[in-house]
Chemist: 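Next up is a structure, given as structure tokens.
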Amino acid sequence: MDRYSPQEIEKKWQDKWEADSAFKTEMDENRPKYYALEMFPYPSGNLHMGHVRNYSIGDVMARYKTMEGFNVLHPMGFDSFGMPAENAAIKNNVKPSDWTFSNIENMKRQQRSMGLSYDWDREAITCTPEYYKWTQWLFELFYKKGLAYKKKASVNWCDTCGTVLANEQVIDGKCWRCDSEVQKKDLSQWFLKITDYADVLLKDLDKLKGWPERVKTMQDNWIGRSEGLEFEMPVEGLDEKLSVYTTRPDTAYGITFVALAAENPLVEKICENNPKAAEIKAFCDKVRNQSEMERTSSESEKEGIFTGVYAINPFNGNKAQLWVTNYVLADYGTGAVMGVPSGDQRDWMFAKKYDLPIILTLQPKDKELKLEEMDAAYTDKDGVLVNSGKFTGMEIHKAMSGIIDEAEAQGFGKRKVNYRLRDWLISRQRYWGAPIPVIHCPHCGEVLVPEEDLPVRLPEDVSFDSGALSPLATSEAFVNCKCPKCGADAKRETDTMDTFICSSWYYLRYTDPKNDQAPFAKDKVNYWAPVDQYIGGIEHAILHLLYSRFFTKVLHDAGLVDFDEPFSNLLTQGMVLKDGSKMSKSKGNVVSPEEIIAKYGADTARLFILFAAPVDRDLEWSDQGVEGAFRFLGRVWRILDHFEDMVKAGKDNYDVSALTKEEKDLRRVLHVTIKKVTEDIRDRFMFNTAISSIMELVNAAYAFQDKELNAGLAREFAAALIKMLAPFAPHITEELWHNLFGEGSVHQQQWPKYEEEATKLAEIEIVLQINGKVRDRITLPADIDKTAMEAAVKELPRAKELTEGKTIVKVICVPKKLVNIVVK
RNA sequence: GCCGAUGUGGCGGAAUUGGCAGACGCAGCAGACUCAAAAUCUGCCGUUGGCAACAACGUAUCGGUUCGACUCCGAUCAUCGGCACCA
């Protein structure tokens with residue numbers, strides 16, 4: 001064989017795999033299926049190292065499972081709607097579709113150069129009418145189920161992007177994409193009712209045994225479930241009742257004020273015939289004009305204004321001052337909060353600032369609290385009630401349920417569960433997305449576009465610089481239509497859908513990508529899905545992963561799929577860093593995958609990126625580490641080149657007992673390696689240690705670089721080594737397989753099996769410890785019994801020397817490991 | 001503030017069930033090959049002391065359990081991530 005030259009072999013095999021449709025998959029009820037999926041990319045134009053890492057991990061799983069006999073689905077596609085295409089259109093005067101498809105072509109070329117085992121026949125591209133037809137169809141399904149609705153609400157608006165955003169897309173008060181500050185705007189927008197699924201989305205996190213704990217915690221936090229009591233307080237002098245929600249009903253006897261959000265509709269009514277009306281309204285306007293950042297920061301000063309009106313505490317008849325404040329959230333709970341200064345730190349600070357009364361209702365079991373000595377609220381959920389009518393003296397947890405029962409019995413309150421999660425705002429005032437398939441008719445109101453008229457296609461005669469207007473509104477031909485119900489002149493909805501809708505169901509489309517009758521056929525989706533292994537970045541922990549779970553649950557309830565969670569196992573890969581920080585153009589620390597592949601080949605790039613760190617941890621890029629991976633592949637190449645004649649002369653069934661001691665050692669290392677690599681890939685996703693043990697195996701083989709090696713063993717060694725390395729470095733192994741074993745592809749071979757017997761040592765090293773410290777070692781037969789082992793170790797000169805003149809307190813004997821002699 | 005993760009040589013990391021800490025790789029040092037260099041092959045490579053055998057120390061810090069702790073328990077510190085005026 002010639003020298004190892006990746007440039008010569010990689011392209012050759014990529015072309016061959018493509019010509020042979022080597023990774024084409026079909027349903028096969030007789031084989032166990034395995035669905036390996038990497039998060040599909042946005043077609044920005046070029047792969048970055050994060051993609052390379054993502055796809056390398058997925059490709060190892062897909063190829064390994066194929067060799068283990070699974071029917072593997074391993075598809076790829078493009079999440080191709082979104083803002084950058086539109087920005088490019090504005091800036092360079094190109095059509096968003098042209099920009100997008102030329103980027104897709106380039107990225108596919110780069111993906112091909114990585115040697116990934118995708119079934120390209122299953123490609124799904126979300127911006128094609130063949131795909132977004134079904135995105136629209138699914139929107140209509142949600143609508144028919146009462147899970148899609150339009151309402152006027154105070155929503156997040158990004159001025160830079162010229163569109164509204166979902167709550168999940170606002171990070172620290174800023175736009176997730178462009179980082180500019182988000183404003184609140186009252187707009188009429190489309191929402192999906194994800195809150196209907198809050199409870200099951202939370203509860204089913206328990207089912208996701210194969211998900212990282214931290215992702216589940218993040219979703220848990222995001223959904224934010226809380227249990228408590230909602231109850232009504234009569235408002236004095238008004239024929240109105242006021243609802244409040246609390247998680248601390250045990251403190252209800254300590255209410256001295258009620259805090260309303262400025263947006264609470266009750267504020268209007270209170271202002272009627274109120275001498276302070278002007279003042280109150282001025283305060284409300286001031287609060288509303290505060291930015292989202294100012295309003296929701298726990299740092300900002302709490303302010304309020306007394307309305308002059310009182311509410312009545314239904315538990316004890318006490319009067320509570322009614323205040324309008326800047327710190328109560330309008331859209332959580334009832335937009336009104338009971339004020340108990342002794343039990344809540346915010347209420348405490350508010351009461352101190354405005355000199356409101358404070359009533360103590362809870363104190364520790366072993367200590368009497370005095371208000372005049374306190375400088376903060378007592379917020380521990382532990383203690384005994386005081387000043388609480390018939391609940392005085394009761395332990396807190398008993399009192400909590402007792403007080404709720406009381407409210408329910410009296411009919412002024414009930415147990416209530418609240419969620420932090422809000423409905424998903426899906427309208428976008430942008431062009432490059434799936435149009436919302438709704439027509440607004442002056443007579444019939446909202447009408448869905450009939451299924452046979454789908455897809456609602458994107459028009460091309462649009463203007464992109466239309467200000468706050470959606471670009472679709474600039475196309476007369478698009479906007480003006482007939483009502484499907486009554487035939488009257490009507491107008492189309494001009495907003496498009498959030499691209500996260502498109503990506504919420506793409507993993508289902510891969511199971512039946514060309515279906516033009518339905519988003520997917522039931523038998524196919526239920527054969528392949530759910531995804532067995534999903535791989536992607538942690539940045540989608542809430543956004544995409546929560547939305548996909550929501551979609552899957554709705555489709556399950558609609559009877560379209562049999563499963564109710566999309567991804568059985570989730571692997572969140574770490575970032576690729578250079579010089580300690582994430583690769584980015586602005587930092588100038590980007591390493592281009594294309595250049596690395598051109599210089600060293602895809603096999604080296606893949607091997608390095610999988611070897612340098614465990615898959616879920618951040619990875620520091622190292623040019624010298626890449627050199628190391630390349631050197632290793634060269635070592636593999638050379639040792640197999642050296643063994644070539646022996647491999648070809650060897651027989652598959654050879655006499656193992658005829659091996660020399662050194663050969664037996666190599667055979668043992670071989671079988672230990674097969675065991676380790678199999679378990680590391682299958683059970684642990686520890687690709688770094690799998691590769692390091694293959695390196696050790698190759699190092700062991702170098703003992704025979706200038707020696708004869710039994711031909712049978714050479715053949716066994718070469719076959720297993722090439723197969724084990726195949727998922728990591730698919731091209732070099734295909735070439736070596738072809739050169740040494742001839743016909744067929746290494747990627748269609750069966751994964752090597754180890755013989756347990758062959759992994760065992762005849763003699764093992766036993767450690768002598770004195771008081772837990774290693775003092776000597778001795779080689780003994782592996783099957784020696786405990787007593788004999790102890791005796792042999794005690795006979796060691798070191799053992800005698802170190803125990804001489806001392807009392808042996810105890811001897812601990814761990815079979816096959818050590819003997820620890822405890823002396824005094 | 002609440003929740004979660006991480007912390008091991010000069011560097012990336014290994015140690016899977018409580019049993020020889022530092023596998024494998026990078027960097028470094030030395031040797032072989034070579035006129036020479038590169039490439040390749042071989043050996044050494046935690047710190048301190050010692051010619052050495054060896055000894056002491058060593059997995060963020062402090063303490064505990066244990067014959068024995070990177071691993072288990074308790075506290076602390078640091079870094080990163082999520083949530084946070086959610087009543």
Side-chain angles (χ1 to χ4, degrees), chain A residues 3 171-172 212-226 228 244-248 251 259 261 295-302 325-329 331-334 336-340 343-347 349-350 379 418-422 538-539 541-542 607-608 611-614 616-629 631-632 634-635 638 676 679-680 683-684 686 688-699 702 705-706 765-777 809-823:
Chain A
R3 300 190 27 241
I171 315 289
D172 291 332
E213 212 50 50
R214 60 174 175 156
V215 174
K216 291 192 273 186
T217 308
M218 281 190 220
Q219 294 211 354
D220 192 327
N221 283 344
W222 188 261
I223 295 166
R225 183 180 197 272
S226 86
V244 295
Y245 172 75
T246 180
T247 54
R248 293 295 304 274
T251 64
R295 278 197 72 174
T296 55
S297 163
S298 53
E299 307 298 303
S300 49
E301 183 73 15
K302 289 165 187 43
T325 68
N326 67 345
Y327 74 90
V328 172
L329 300 175
D331 56 354
Y332 180 79
T334 61
V337 175
M338 67 180 201
V340 184
D344 183 285
Q345 188 54 26
R346 289 157 300 181
D347 296 349
M349 281 156 62
F350 194 76
T379 55
N418 268 330
Y419 298 94
R420 211 192 65 95
L421 183 72
R422 305 297 144 83
I538 186 76
E539 65 274 16
I542 293 169
L607 194 74
F608 165 73
F611 174 65
D616 56 352
R617 225 184 289 176
D618 287 351
L619 179 154
E620 175 69 29
W621 183 265
S622 156
D623 290 327
Q624 287 162 330
V626 177
E627 296 270 0
R631 272 202 292 269
F632 168 68
R635 267 170 80 77
R638 285 189 297 275
K676 168 106 176 118
E679 290 172 356
D680 277 356
D683 307 334
R684 303 206 305 153
M686 292 288 280
N688 55 332
T689 53
I691 293 167
S692 72
S693 36
I694 297 173
M695 287 172 170
E696 287 179 81
L697 172 64
V698 171
N699 291 348
Y702 265 79
Q705 66 179 316
D706 40 32
E765 200 170 69
I766 300 295
V767 166
L768 161 69
Q769 290 187 348
I770 307 287
N771 290 344
K773 295 202 168 172
V774 180
R775 292 302 182 211
D776 207 354
R777 298 175 173 86
V809 182
K810 202 177 186 181
V811 178
I812 287 106
C813 214
V814 183
K816 296 181 197 262
K817 289 245 163 75
L818 58 83
V819 175
N820 186 13
I821 305 172
V822 186
V823 295

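Proteins get letters first, then strands, A, B, ... in listed order; numbering begins at 1 in each. Since the structure is predicted, the reported quantities are computational estimates derived from the model, not experimental observations.
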Chemist: Return no unless some side-chain N or O of A:Y327 is found under 4.0 Å from OP1 or OP2 of B:rA87.
Modeler: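 A:Y327 to B:rA87 OP1/OP2: no side-chain N or O under 4.0 Å.
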Chemist: Note every stem involving RNA chain B: at least three consecutive Watson-Crick or G-U wobble pairs, i with j then i+1 with j-1, with both distances under 3.5 Å.
Modeler: B:1-7 with B:77-83, B:10-12 with B:24-26, B:28-32 with B:40-44, B:46-49 with B:54-57, B:60-64 with B:72-76
Chemist: Quick check on RNA chain B: between A:F611 and A:R422, whose nearest nucleotide comes earlier from the 5' end?
Modeler: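 Per heavy-atom nearest nucleotide, the more 5' residue is A:F611.
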Chemist: With the threshold set at under 4.0 Å for non-hydrogen atoms, list the residues of residues 617-625 of chain A touching RNA chain B in residue-number order.
Modeler: A:R617, A:D618, A:Q624
Chemist: Any side-chain N or O of A:R775 below 4.0 angstrom from OP1/OP2 of B:rC20?
Modeler: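 A:R775 to B:rC20 OP1/OP2: no side-chain N or O under 4.0 Å.
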Chemist: Do A:W621 and A:D623 get their side chains close enough for a donor-acceptor pair, meaning under 3.5 Å?
Modeler: yes
Chemist: Hey, is the side chain of A:K302 poking within less than 4.0 Å of OP1 or OP2 on B:rC85, counting only N and O atoms?
Modeler: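 No, no such contact exists.
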Chemist: Which residue pairs pass the side-chain hydrogen bond (donor to acceptor under 3.5 Å, both in side chains) test with at least one member in residues 813-822 of chain A, sequence neighbours excluded?
Modeler: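 Qualifying pairs: none.
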Chemist: Please tell me which of the listed nucleotides, B:rU40, B:rU42, B:rG68, lies nearest to the side chain of A:Q705?
Modeler: B:rU42
Chemist: On the nucleotide B:rA14, are OP1 or OP2 found under 4.0 Å from the side-chain N or O atoms that A:N688 carries?
Modeler: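 Affirmative; the distance criterion is met.
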Chemist: Using the P atoms only, state how far B:rC57 lies from B:rU8, rounded to an integer number of Å.
Modeler: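 Per the computed distance, 22 Å lies between those P atoms.
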Chemist: Please tell me if A:N699 has a side-chain N or O lying less than 4.0 Å from either OP1 or OP2 of B:rG25.
Modeler: yes
Chemist: Do A:D347 side-chain atoms and A:V340 backbone N/O form a donor-acceptor pair below 3.5 Å?
Modeler: yes
Chemist: A:R225 side chain N/O closer than 4.0 Å to the phosphate oxygens (OP1, OP2) of B:rC83?
Modeler: no
Chemist: How far does the P atom of B:rA56 sit from the matching atom of B:rG82, given to the nearest Å?
Modeler: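 About 47 Å, rounded to a whole number of Å.
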Chemist: For the P atoms, the ones on B:rG25 and on B:rU76, what distance do you get once it is rounded to whole angstrom?
Modeler: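 Here B:rG25 and B:rU76 have their P atoms 42 Å from each other.
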Chemist: When we call it a touch if two heavy atoms are under 4.0 Å apart, what does A:V814 touch: a base, just sugar-phosphate, or nothing?
Modeler: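 The residue A:V814 makes base contact.
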Chemist: OP1, OP2 of B:rU40 versus side-chain N and O of A:R3: anything below 4.0 Å?
Modeler: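 Answer no for this pair, as no side-chain N or O of A:R3 is under 4.0 Å from OP1 or OP2.
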Chemist: For A:R638, report the nucleic acid contact type (base, sugar-phosphate, nothing); a contact means any heavy atom under 4.0 Å.
Modeler: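 The residue A:R638 makes sugar-phosphate contact but no base contact.
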Chemist: Where the side chain of A:R346 meets the backbone of A:D344, is there a donor-acceptor pair that is under 3.5 Å apart?
Modeler: no
Chemist: Check this one for me: any side-chain N or O of A:R214 less than 4.0 Å away from OP1 or OP2 of B:rU6?
Modeler: no
Chemist: What's the gap between B:rC41 and B:rU47 when it is taken at their P atoms, as a whole Å value?
Modeler: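 Looking at atom P only, B:rC41 and B:rU47 are 26 Å apart.
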Chemist: For B:rG63 versus B:rG22, give the span between their C1' atoms, rounded off to a whole number of Å.
Modeler: 26 Å
Chemist: For B:rC44 versus B:rC26, give the span between their P atoms, rounded off to a whole number of Å.
Modeler: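 So the two P atoms sit 16 Å from each other.
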Chemist: Write down the distance separating the P atoms in B:rC85 and B:rC2, rounded off to the nearest Å.
Modeler: 16 Å
Chemist: What contact category does A:V244 fall into here, base, sugar-phosphate, or nothing, at under 4.0 angstrom with non-hydrogen atoms?
Modeler: nothing
Chemist: Counting N and O atoms only, with roles assigned by atom type, does the side chain of A:R777 sit under 3.5 Å from a partner on the main chain of A:V767, one being a donor and the other an acceptor?
Modeler: no
Chemist: Between A:E213 and A:R684, which is nearer to the 5' end of RNA chain B once each is assigned its nearest nucleotide?
Modeler: A:E213
Chemist: Do A:D331 and A:R422 come close enough that some side-chain heavy atom pair is under 4.5 Å?
Modeler: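 Answer yes - side chains close enough.
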Chemist: Please confirm whether the shortest side-chain N or O distance from A:Y332 to OP1 or OP2 of B:rA87 is below 4.0 Å.
Modeler: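 Answer is yes, contact under 4.0 Å.
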Chemist: State whether A:S226 places a side-chain N or O below 4.0 Å from either non-bridging phosphate oxygen (OP1 or OP2) of B:rA87.
Modeler: yes
Chemist: If you compare every side-chain N and O of A:Q219 against the phosphate oxygens of B:rC83 (OP1, OP2), does one of them come in below 4.0 Å?
Modeler: no
Chemist: What is the distance, to the nearest angstrom, from the CE atom on A:M686 to the P atom on B:rG12?
Modeler: 16 Å
Chemist: Tell me if a side-chain donor or acceptor on A:Q219 pairs with a main-chain N or O of A:A541 at a distance below 3.5 Å.
Modeler: yes
Chemist: Is there a side-chain contact between A:R420 and the phosphate of B:rA87, meaning an N or O under 4.0 Å from OP1 or OP2?
Modeler: no
Chemist: May I have the step-by-step check of side-chain contact (heavy atoms from CB on, under 4.5 Å) for A:S226 and A:Y419, ending in yes or no?
Modeler: CA-CA 6 Å; A:S226 86; A:Y419 298 94; over 6 Å; no
Chemist: Quick one: A:R635 CZ to B:rC26 C1', roughly how many Å, whole number?
Modeler: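 Taking atom C1' of B:rC26 as the reference, CZ of A:R635 is at 15 Å.
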Chemist: What integer number of Å spans the P atoms of B:rG18 and B:rC83?
Modeler: 35 Å
Chemist: With a distance cut-off below 6.0 Å to the six-membered ring centre and an angular limit of 45° from the axis, does A:R635 pair with A:Y702 as a cation-pi contact?
Modeler: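 Verdict for A:Y702: a cation-pi partner in A:R635.
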Chemist: OP1 or OP2 of B:rC57 sitting under 4.0 Å from any side-chain N/O of A:K773?
Modeler: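 Answer is yes, contact under 4.0 Å.
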